[in-house]
There are 2 protein chains.
Amino acid sequence: MKPVSSMSPVTHGQTIQALAVAARLCVARGVQFTELRRRLLETLWVAHEPLGAYEALRRLEGSWGRTLKPTTVYRALDFLLEQGLAVRIESRNAYVPCAHPDQPHTSVFFVCDQCRVTIEVDDSEVGRLLKCDATALGFDVRRRVLELQGTCAHCLAMR
Amino acid sequence: MKPVSSMSPVTHGQTIQALAVAARLCVARGVQFTELRRRLLETLWVAHEPLGAYEALRRLEGSWGRTLKPTTVYRALDFLLEQGLAVRIESRNAYVPCAHPDQPHTSVFFVCDQCRVTIEVDDSEVGRLLKCDATALGFDVRRRVLELQGTCAHCLAMR
DNA sequence: ATCAGGATGTTATAACATTGCTTTTAGCGT
DNA sequence: ACGCTAAAAGCAATGTTATAACATCCTGAT
Ligand SMILES: [Zn+2]
Ligand SMILES: [Zn+2]
Ligand SMILES: [Zn+2]
Ligand SMILES: [Zn+2]
């Protein structure tokens with residue numbers, strides 16, 4: 001098990017760096033890292049919790065000073081998901097940025113019910129076992145959704 | 001890895017038996033297995049795929065010959081989830097019946113993108129590893145969402 | 001200049017879920 | 001059987017999330 005990113009202590013510097021990495025990656029891939037996409041990804045990084053599409057829309061409108069339609073945000077989110085720059089948390093209908101969009105990994109998300117802090121862990125051993133299960137079933141896996149809901153250490157200590 | 005149930009080859013007999021088990025369990029727990037709840041669970045068993053709440057509503061209306069409101073169905077679904085008689089597939093906003101509502105298990109769901117067949121596998125080793133990860137983080141896990149999307153063996157063979 | 005493809009704008013609607021309140025029903029002691 | 005109580009279900013309205021269908025704009029290649 002290797003913790004690869006936590007939403008909680010995301011510094012300004014990390015956000016800047018993540019945006020730079022994203023920009024570089026998009027250039028390398030020949031896709032456009034437009035202002036909308038960049039600002040949306042920034043919004044996800046700045047938020048210290050998974051954001052719903054409409055919440056991201058509101059924040060984006062607030063920081064950008066213009067109105068947006070849901071479709072616009074969903075399309076930009078789709079782009080970020082396709083490029084691996086963000087991940088959808090299915091059990092929350094929400095989105096978080098990904099810290100390592102360049103290489104594939106077996107992400108397990110720990111999502112706190114109370115403070116919503118979301119910790120991404122890379123557990124390749126779990127990935128291996130699931131791969132075995134899939135092989136045994138003759139199932140071709142396209143996407144993994146591994147999300148654990150509960151209470152984070154910080155919130156546990158609060159009680 | 002131990003496959004514990006598959007949605008695909010669910011026979012009439014299995015449905016009958018599952019309903020009987022559910023009824024027995026509810027009696028033992030002192031909760032009411034009402035006609036609505038029984039019919040809803042039956043609807044989930046008869047369907048060979050995860051059903052959305054509104055789809056379940058439509059089928060229930062069709063087979064029961066009466067109109068229902070979303071609230072009614074959602075409440076009944078909540079009951080089935082609480083009792084472990086059904087499970088929500090987060091990545092589909094849909095629900096499937098659970099074959100072993102009596103004992104806790106580490107369910108991994110393989111969901112086919114094409115035919116939507118949903119296979120539940122119990123992988124206790126994965127459960128153990130995730131528990132380790134959680135412990136390392138000091139995270140108290142309340143619920144696991146383990147869903148793998150892809151193509152089932154049957155659909156792979158079709159191509 | 002024309003064209004093609006990608007990105008975005010616009011409008012409408014589908015799909016999923018909850019809230020608040022009322023009425024009915026089941027279970028229980030009398 | 002009767003009346004009480006709590007659970008269950010009915011009902012209307014609304015909130016939330018997601019997509020479809022079509023129009024426009026921009027940029028770079030021919
Ligand atoms: Zn990641
Ligand atoms: Zn927390
Ligand atoms: Zn199960
Ligand atoms: Zn299939």
Side-chain angles (χ1 to χ4, degrees), chain A residues 22-23 26-27 29-41 43-44 47 49-61 64-83 85-96 116 145 147, chain B residues 22-23 26-41 43-44 47 49-61 64-83 85-96 111 113 116 145 147 149:
Chain A
C26 287
V27 169
R29 291 173 181 173
V31 295
Q32 301 179 46
F33 196 50
T34 64
E35 182 173 15
L36 171 66
R37 292 165 176 178
R38 185 183 56 69
R39 281 180 177 270
L40 176 57
L41 183 56
T43 301
L44 294 183
E49 60 183 322
L51 293 187
Y54 282 73
E55 177 59 23
L57 182 152
R58 279 186 291 271
R59 297 191 184 196
L60 209 40
E61 283 183 337
W64 201 357
R66 56 175 297 192
T67 64
L68 298 168
K69 305 290 189 202
T71 324
T72 305
V73 173
Y74 275 105
R75 277 193 293 234
L77 282 171
D78 285 344
F79 171 85
L80 296 181
L81 296 182
E82 282 166 10
Q83 298 301 322
L85 297 170
V87 180
R88 178 177 160 84
I89 305 295
E90 294 289 348
S91 57
R92 294 259 166 198
N93 296 333
Y95 305 81
V96 295
R116 302 193 198 160
V145 176
E147 302 169 8
Chain B
C26 287
V27 169
R29 292 173 180 172
V31 295
Q32 300 179 47
F33 196 49
T34 64
E35 182 173 14
L36 171 66
R37 292 165 176 179
R38 186 182 56 69
R39 280 179 178 272
L40 176 57
L41 184 55
T43 302
L44 294 183
E49 60 182 323
L51 293 187
Y54 280 72
E55 178 60 23
L57 182 152
R58 280 187 291 271
R59 297 190 185 197
L60 210 40
E61 283 183 336
W64 200 357
R66 55 175 298 192
T67 64
L68 298 169
K69 304 293 183 186
T71 342
T72 305
V73 173
Y74 275 106
R75 274 193 297 233
L77 282 170
D78 285 344
F79 172 85
L80 296 181
L81 296 181
E82 281 167 10
Q83 298 301 322
L85 297 170
V87 180
R88 178 177 160 84
I89 304 296
E90 293 290 348
S91 57
R92 294 259 166 200
N93 296 333
Y95 304 82
V96 295
V111 185
D113 294 328
R116 301 193 200 161
V145 176
E147 302 168 9
Q149 304 175 354

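This one's a predicted model, so the numbers in the text were calculated from it and none came from an experiment. Here is how names work: the chains are called A, B, and so on, in the same order as the sequence lines, proteins then strands, and each is numbered from 1.
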Please report the C-alpha distance between B:F79 and B:V31 in whole Å, then the side-chain angles of each, then the deciding distance to 0.1 Å, and finally whether the side-chain contact (heavy atoms from CB on, under 4.5 Å) criterion is met.
CA-CA 10 Å; B:F79 172 85; B:V31 295; 3.9 Å; yes
Apply salt bridge (Lys or Arg N to Asp or Glu O under 4.0 Å) to B:D113 and B:R92, showing your working.
CA-CA 10 Å; B:D113 294 328; B:R92 294 259 166 200; 3.2 Å; yes
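Here B:R38 pairs with B:E42 under the salt bridge (Lys or Arg N to Asp or Glu O under 4.0 Å) rule; sequence neighbours left out. Listed by chain and residue number, nothing satisfies the side-chain hydrogen bond (donor to acceptor under 3.5 Å, both in side chains) test with A:R37 (two or more places apart in sequence, or in another chain). With sequence neighbours left out, the side-chain hydrogen bond (donor to acceptor under 3.5 Å, both in side chains) criterion links A:R66 to no other residue. In this view, B:V73 and B:L57, B:L68, B:L77 satisfy the side chain to side chain contact (heavy atoms under 4.5 Å, CB included) rule, not counting sequence neighbours. Not counting sequence neighbours, the partners of A:E55 by the salt bridge (Lys or Arg N to Asp or Glu O under 4.0 Å) test are A:R58, A:R59. The side chain to side chain contact (heavy atoms under 4.5 Å, CB included) search around B:V27 returns none, not counting sequence neighbours. Legend: residues meeting side chain to side chain contact (heavy atoms under 4.5 Å, CB included) with B:T71, ordered by chain and number and at least two apart, are B:K69, B:R75. Take B:E82 and apply the salt bridge (Lys or Arg N to Asp or Glu O under 4.0 Å) test, not counting sequence neighbours, and it matches no residue. For B:V145, the side chain to side chain contact (heavy atoms under 4.5 Å, CB included) partners two or more places apart in sequence, or in a different chain, are A:S91, A:V145, A:E147, A:Q149, B:E90, B:R143, B:E147.
Two residues, A:F79 and A:K69, neighbour DNA chain C, and the one matched to the more 5' nucleotide by heavy-atom proximity is A:F79.
Atom pair A:L57:CG and D:dT19:P shows a separation of 15 Å (rounding to whole Å applied). For A:R37 and C:dG9, the CZ to P distance is 11 Å, given to the nearest whole Å. Remark: C1' of D:dA8 and CZ of B:R38 are 16 Å apart, rounded to the nearest angstrom. Between B:L68 atom CG and D:dC11 atom C1' the separation is 12 Å, expressed in whole Å. Between the CG atom of B:L51 and the C1' atom of C:dA15 there is a distance of 15 Å, given to the nearest Å. Whole-Å rounding puts the A:L81 CG to D:dA18 C1' distance at 13 Å. Rounded to whole angstrom, the span from the CG atom of A:L77 across to the C1' atom of C:dA7 amounts to 15 Å. One atom, CZ of A:F33, and another, P of C:dA7, lie 13 Å apart when rounded to the nearest Å.
As judged by a 4.0 angstrom heavy-atom cut-off over every strand, B:L36 is placed among residues touching the sugar-phosphate backbone only.
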Dump the pairs, protein N or O against N or O of nucleotides 27-30 of chain D, anything under 3.5 Å, distances to one decimal.
none

One character per nucleotide, please: for nucleotides 16-28 of chain C, 5' to 3', B when the base has a protein heavy atom closer than 4.0 Å, S when only the sugar-phosphate does, - otherwise.
BBBB------S--
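Applying the 4.0 Å criterion to OP1 and OP2 of C:dG9, one finds that A:T72 has a side-chain N or O inside that range.
Note on the helix from C:dA1-D:dT30 to C:dT30-D:dA1: angle between the axes of the first and last five pairs equals 20°, rounded to 10 degrees.
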